[in-house]
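Note on naming: letters A, B, ... go to the chains in the order of the sequence lines (proteins, then strands), and numbering restarts at 1 for each one.
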There are 2 protein chains.
Amino acid sequence: VVRLENISKIYPLLSGDVLALNNISLSIKTGEFVAIIGPSGSGKSTLLNQLGCLDVPTSGDLKIGGKSITQMSDSELTHLRLIMIGFIFQKFNLLPLLSAYENVEYPYTLKYRKRDTSGRVTKLLDMVGINEDLAKHKPSELSGGQQQRVAIARSLVNNPKILLCDEPTGNLDSKTGVLVMNMLKKLNSKGKTLIIVTHDPGIAAQADRTITIRDGELVADVVNNQ
Amino acid sequence: VVRLENISKIYPLLSGDVLALNNISLSIKTGEFVAIIGPSGSGKSTLLNQLGCLDVPTSGDLKIGGKSITQMSDSELTHLRLIMIGFIFQKFNLLPLLSAYENVEYPYTLKYRKRDTSGRVTKLLDMVGINEDLAKHKPSELSGGQQQRVAIARSLVNNPKILLCDEPTGNLDSKTGVLVMNMLKKLNSKGKTLIIVTHDPGIAAQADRTITIRDGELVADVVNNQ
Ligand SMILES: Nc1ncnc2c1ncn2[C@@H]1O[C@H](COP(=O)(O)OP(=O)(O)OP(=O)(O)O)[C@@H](O)[C@H]1O
Ligand SMILES: Nc1ncnc2c1ncn2[C@@H]1O[C@H](COP(=O)(O)OP(=O)(O)OP(=O)(O)O)[C@@H](O)[C@H]1O
Ligand SMILES: [Mg+2]
Ligand SMILES: [Mg+2]
């Protein structure tokens with residue numbers, strides 16, 4: 001469902017161009033669970049941003065559902081980012097002036113043009129262990145792992161088909177990490193495509209397939225033996 | 001060298017007071033390597049902020065080198081925070097408008113009132129794998145793990161006696177994580193007190209002693225059998 005063709009990404013800095021991704025091609029099927037691993041600075045977050053249509057490549061093409069995103073209208077792209085794709089950022093990117101509850105609700109209000117009266121937001125927060133009291137805190141009034149869990153809940157609120165997770169358990173103790181992974185794997189078993197960037201080999205081992213990035217290049221693409 | 005006596009911390013929120021730390025007493029000797037573990041939201045970062053004099057308790061006392069911080073003058077407190085104590089934050093807290101190099105140099109310039117001509121900043125960045133080109137990037141132009149390593153280098157620039165690290169390897173691949181831990185353990189072997197909050201049991205296992213926090217309370221304090 002997601003295909004990158006010869007994707008390169010250069011960041012032009014005054015001190016010199018940075019080649020963050022170098023000619024990466026890769027194809028991910030609907031419902032697949034893929035782990036992306038590699039050293040710090042190797043290009044994983046940059047790659048995930050490309051897969052999630054959050055960034056434009058310097059060259060190469062991204063196709064979603066067979067259609068190149070350069071061929072999509074603005075409304076198609078909006079639909080993609082707001083409804084098709086759920087993204088969990090490495091640094092969470094929560095809105096500082098909104099409460100945890102409002103942060104999770106925000107993409108819902110963008111999609112439905114109204115507040116959530118179905119209890120969906122409360123349910124998602126509860127699934128990641130954030131109770132109604134904690135949900136009233138602003139992000140700066142939450143622990144690192146609580147902020148991460150709010151970011152996870154937010155990515156799920158519009159029931160996306162493709163979940164892109166940038167180190168989703170990096171700030172969680174093992175027990176909470178297992179809770180989150182079980183939730184993500186359950187969504188994957190229901191047909192959602194799950195792409196996780198991780199530094200945790202234990203998490204990569206749970207994926208169907210592991211992609212290794214080094215210095216902006218795809219160096220391995222291995223189906224995990226079960 | 002660091003002693004907490006009956007420390008409690010309450011965050012007063014409109015939605016209700018949060019008891020983040022509940023009557024914690026603990027004593028850490030000079031040169032000890034202590035790991036602090038516990039579930040997400042249990043109070044580890046809040047505890048570390050108390051130990052690092054970055055926050056005032058609601059009740060209880062903190063003594064450093066036998067002297068209560070309530071008895072210290074402003075200049076003594078400044079000396080403590082700028083020179084005695086090095087802090088690595090869970091969310092890095094890098095200054096967004098400065099380059100990585102300038103971020104590491106900043107506490108040095110506060111201490112010596114001049115820029116670093118000794119090459120110390122370059123050497124520290126090199127030790128965490130950040131070369132001279134990467135050092136020119138601003139934090140937003142670095143990967144998550146590169147930002148974490150800049151925060152680590154910064155905490156060491158004034159050669160502190162006490163190192164407080166809030167999940168210092170959370171965004172690093174295993175190889176880079178080992179590099180960082182070896183560096184921290186080497187500093188500990190030279191007499192620096194090392195206190196690490198971690199979710200990684202492998203890191204806790206390397207400490208002399210493991211303290212467990214749950215719901216704001218000290219529930220275990222165990223010397224590791226070597
Ligand atoms: N400024 C604040 N105002 C209100 N509550 C807060 C504030 N900061 C933290 N808390 C609450 O205090 C509790 C302890 O937070 P703390 O950041 O110390 O947890 P932690 O053990 O470091 O968690 P993690 O492993 O997720 O980083 C949490 O329940 C958190 O929601
Ligand atoms: N805005 C930017 N401008 C310039 N260079 C950048 C920018 N963002 C990232 N880079 C560089 O691109 C490279 C890849 O970064 P990326 O964030 O994708 O790495 P990563 O694999 O996610 O690393 P980590 O595991 O540390 O999160 C890094 O060397 C980084 O310094
Ligand atoms: Mg990254
Ligand atoms: Mg914390």
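Annotation: side chain to side chain contact (heavy atoms under 4.5 Å, CB included) contacts of A100(B) (sequence neighbours excluded): L142(B), V150(B).
Between chain A and the options I37(B), L13(B), L14(B), heavy-atom pairs under 4.5 Å are most frequent for L13(B). Ranked by heavy-atom pairs shorter than 4.5 Å toward chain A, the options G16(B), P39(B), G170(B) are led by P39(B).
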Polar pairs (donor with acceptor) under 3.5 Å from chain A to chain B:
residue: S40(A); atom: N; partner: D173(B); partner atom: OD1; Å: 2.7
residue: S40(A); atom: OG; partner: R149(B); partner atom: NH2; Å: 2.7
residue: Q90(A); atom: NE2; partner: N171(B); partner atom: OD1; Å: 3.0
residue: K91(A); atom: NZ; partner: Q147(B); partner atom: OE1; Å: 2.9
residue: Q147(A); atom: OE1; partner: K91(B); partner atom: NZ; Å: 2.9
residue: R149(A); atom: NH2; partner: S40(B); partner atom: OG; Å: 2.7
residue: N171(A); atom: O; partner: H199(B); partner atom: NE2; Å: 3.1
residue: N171(A); atom: OD1; partner: Q90(B); partner atom: NE2; Å: 3.0
residue: D173(A); atom: N; partner: H199(B); partner atom: ND1; Å: 3.3
residue: D173(A); atom: OD1; partner: S40(B); partner atom: N; Å: 2.7
residue: H199(A); atom: ND1; partner: D173(B); partner atom: N; Å: 3.3
residue: H199(A); atom: NE2; partner: N171(B); partner atom: O; Å: 3.1

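Heavy atoms closer than 4.5 Å to chain A are found in both the backbone and the side chain of L172(B).
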